[in-house]
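Below is one structure, written out as structure tokens, with a few remarks after it.
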Amino acid sequence: MKTVNKGHTQTNLRPVTMAIWALMASAAQAQVTSMPAMDITATPDGYIVKSTNAGTRTDTPLEQIPQSVITVPKSMIEDQGAQTLSDALRNVSNVTALDQRDSNLTGFKIRGFSAATVIDGVPTPGVFHNQETLAGVEQISVIKGPAGGLFGGSQGMNYPTAGGTIAITTAEPEKVASKQVGLTLGSFNQKGASFDINQPISPMLSVRLVGESTNKDSETDRVYHKRMSLSPSIALTPNADTKVVLRLRSLQNETLDYPGLPRAVASAPDVISGVPRSRFIGADGMPPSTNDISGANLQWSQKLNANWDFGLTLAQNKLTLTEVGAFNYSVLDAAALGLATQDVYSYRISQKFESTVLSPSVTGKFNWANTQHTVQLGVDHEVSKEESFMWWSDPGSIGLSPIALGVNLAGSAYATWFNPTGNSLYDFSWNRQFDATTMYVQDQIKVGNWNFLASLRDSEIQMNSVDTEVSMTTFSPETTNVTKKAHSTTPRIGVTYAFTPQVSAFAGYAEAVQTPYLTKFAGGVPPTAQDIKQSELGLRLTDWSGITATFAAFDLKRNNVATALGTVSYLADQGSQGIDIDVRYQVNPSWQWVAAYTNQTAKYTGTAYAQVASYVGKQLFNVPKEQLRLSTRYDFHTGSLQGVGLGMGVTHQSELPGDSKNTFFTPATAVWDGQVSYQVKGARYGLSVSNLFDKQYLVPSNYFGGGQILPGAPRALTATAVFTF
């Protein structure tokens with residue numbers, strides 16, 4: 001077994017980068033020399049997306065949006081052989097990476113703070129968004145900062161938009177028939193199949209059916225990942241002014257809860273001696289954790305006249321989460337760190353969540369007083385319900401007790417699963433309903449080289465919460481009823497200025513509120529909405545000698561953050577400041593580069609509660625100060641290698657704090673990946689390799705907020721074949 005570097009490492013990427021550059025340049029020169037007349041079949045813009053509706057709810061050129069909005073097109077996802085949403089998002093600066101084994105424990109962070117996922121304009125419930133499918137995805141847009149609160153009821157429960165929003169656009173039915181079938185095989189018994197069938201029924205009616213099934217083991221014993229998705233849709237266009245699209249979706253994820261590996265000491269990321277990387281600290285007979293989402297999304301767009309359009313979105317999403325797991329005692333008590341023999345406990349979480357969103361709007365485009373206006377007025381109404389509980393093991397009927405005593409963590413024996421029954425002193429449940437109505441107005445104003453954006457969201461929010469937990473005084477369940485009403489008016493303003501058609505600058509300011517979710521507050525701590533504010537300055541290049549880029553400096557703050565201490569939460573403030581750089585470089589129609597870089601300081605900035613005062617000044621858990629993604633891709637369009645594509649990339653991150661108190665850090669690391677593909681009429685074959693050089697490294701586990709260690713995923717090969725009919 002390779003040893004892990006336990007020091008604070010620095011990775012020198014320059015020699016390898018220069019070598020790749022020289023290799024690709026040689027390939028380009030060789031192609032030009034042998035075949036000067038090129039038959040271009042690639043998309044002319046490569047990975048460059050010129051406009052999006054993700055940042056403003058209207059289709060807007062990126063250079064006119066006064067905020068960082070970075071896109072990942074379908075072509076990039078396919079070329080890099082992305083298997084998860086995290087694989088695709090590594091191409092965007094300041095988005096945290098997630099291991100699949102951690103995907104049912106946490107969600108993405110943008111600029112250090114939690115992020116939401118929006119699919120076709122509607123927030124998806126839950127926080128485990130790396131379990132989303134990539135089947136049928138056309139484009140992913142990352143909105144950095146709280147302006148993501150402009151989507152539907154995304155200021156409500158289960159939509160953590162403080163850091164930003166990941167907006168996914170999926171394929172809709174088209175008027176040209178197409179059929180596509182994909183097969184996947186790979187390391188760790190990976191097997192998968194997908195399909196995309198589009199069929200016009202008449203000139204006015206088209207249907208589409210997209211689905212996938214994947215199953216994969218992991219380096220960790222017994223831990224697997226299974227996903228099934230099915231997304232039928234129908235589009236009706238009775239005339240040029242009317243379009244109605246109905247999308248349905250069903251997504252099912254199944255895995256075995258993974259607690260990570262136990263540390264040997266409190267101040268370092270060393271695993272207990274003798275515990276192998278592949279060790280699963282769980283229990284025989286432990287059932288899987290499942291996360292099922294179903295939803296319906298109806299969108300109606302209607303042209304009213306030459307200047308005004310009407311839009312309506314009506315959507316419902318349901319989530320059913322069952323999470324069960326077993327873990328070593330040092331997860332609960334740091335005093336047990338380093339013990340090779342520990343007791344094992346179990347837990348069970350159940351969450352049922354249902355959300356209905358209604359969003360009518362009107363959009364007008366007109367000229368007035370030598371200015372061009374795009375005005376949107378609308379209402380977002382959301383009703384959400386959540387029923388959840390968390391139970392701990394107590395087979396000894398003493399309040400909290402293990403399911404097995406003295407398990408050798410370095411051995412091969414497992415505890416026997418015991419299902420928590422709801423009789424522990426630390427069990428709790430909650431039943432919450434969230435009701436919000438938001439009216440908003442937005443005006444995008446163009447005056448010569450200037451573009452101004454001004455919007456206002458006025459929200460009436462009510463949350464009813466019924467919480468039940470065992471009293472430590474009476475040792476019997478007690479129920480607390482809380483009704484909290486809030487009114488908030490959140491502005492967003494910004495400006496862009498075009499120095500030339502290729503160079504522009506932007507400045508923006510935005511606010512949002514976020515109600516707490518999946519949170520049990522300590523006694524005397526009122527459920528309080530977060531206040532989120534961001535200021536941002538930036539520079540954009542748009543096809544400047546082939547370069548499209550965003551350079552941004554940001555200051556993002558959020559107050560009243562639910563901060564966990566054990567099983568309860570207190571309120572604290574956090575801040576994140578830094579720079580993000582995102583670059584797409586189209587050298588020529590065959591060769592392109594992607595670069596994403598972040599340098600930031602994300603930390604706790606204050607609290608009124610002594611219980612979490614020690615967090616103040618600490619770096620936010622599992623958030624790096626520095627990130628870098630660099631990748632390149634070359635596609636041969638002529639000559640003997642026509643149809644061949646080659647790609648390589650490296651992802652680097654600085655050391656990561658392993659818990660909120662920063663008692664230990666995992667070392668900095670850089671991991672390489674590579675791809676090769678061959679496209680011939682009607683078929684595309686691909687081979688991608690993650691962790692190309694099989695680097696062994698460690699990162700913090702997200703299990704119960706940190707403290708455990710997650711071994712980085714080893715080298716894995718994935719072969720794909722996609723056939724289009």
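All values below come from the heavy atoms of this structure, side chains included, with hydrogens, waters and symmetry mates left out.
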Inset, instruction - Let me see the working for E172 and R208 under side chain to side chain contact (heavy atoms under 4.5 Å, CB included), right down to the final yes or no. - result: CA-CA 7 Å; E172 65 179 42; R208 192 163 194 154; 6.0 Å; no
Inset, instruction - Go through R111 and D580 one step at a time and tell me if the salt bridge (Lys or Arg N to Asp or Glu O under 4.0 Å) criterion holds. - result: CA-CA 9 Å; R111 292 181 170 172; D580 290 342; 2.9 Å; yes
Legend entry - Audit row: D380, T438, side-chain hydrogen bond (donor to acceptor under 3.5 Å, both in side chains) steps and yes/no: CA-CA 5 Å; D380 293 327; T438 298; 5.8 Å; no
Inset, instruction - Start with the C-alpha distance between Q577 and D555, add both sets of side-chain angles, then the distance that settles side-chain hydrogen bond (donor to acceptor under 3.5 Å, both in side chains), and finish with yes or no. - result: CA-CA 4 Å; Q577 301 84 33; D555 184 357; 3.2 Å; yes
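In this structure a side-chain-to-backbone donor-acceptor pair under 3.5 Å is missing from N560 to T528. With S654 contributing its side chain and K625 its backbone, the two residues share a donor-acceptor pair below 3.5 Å. A donor-acceptor pair under 3.5 Å is formed between the side chain of T632 and the backbone N or O of Q592. When atom types are taken as modelled, the side chain of R492 and the backbone of Q442 share no donor-acceptor pair closer than 3.5 angstrom. Looking only at distances, no side-chain donor or acceptor of T84 sits under 3.5 Å from a matching main-chain atom of N130. Q627 contributes a side-chain N or O that, together with a main-chain N or O of V95, makes up a donor-acceptor pair within less than 3.5 Å.
F113 CZ to K144 NZ: the interatomic distance, rounded to the nearest 0.5 Å, is 14.5 Å. Here the straight-line distance linking atom CG of N297 with atom OG1 of T313 works out to 6.0 Å at 0.5 Å rounding.
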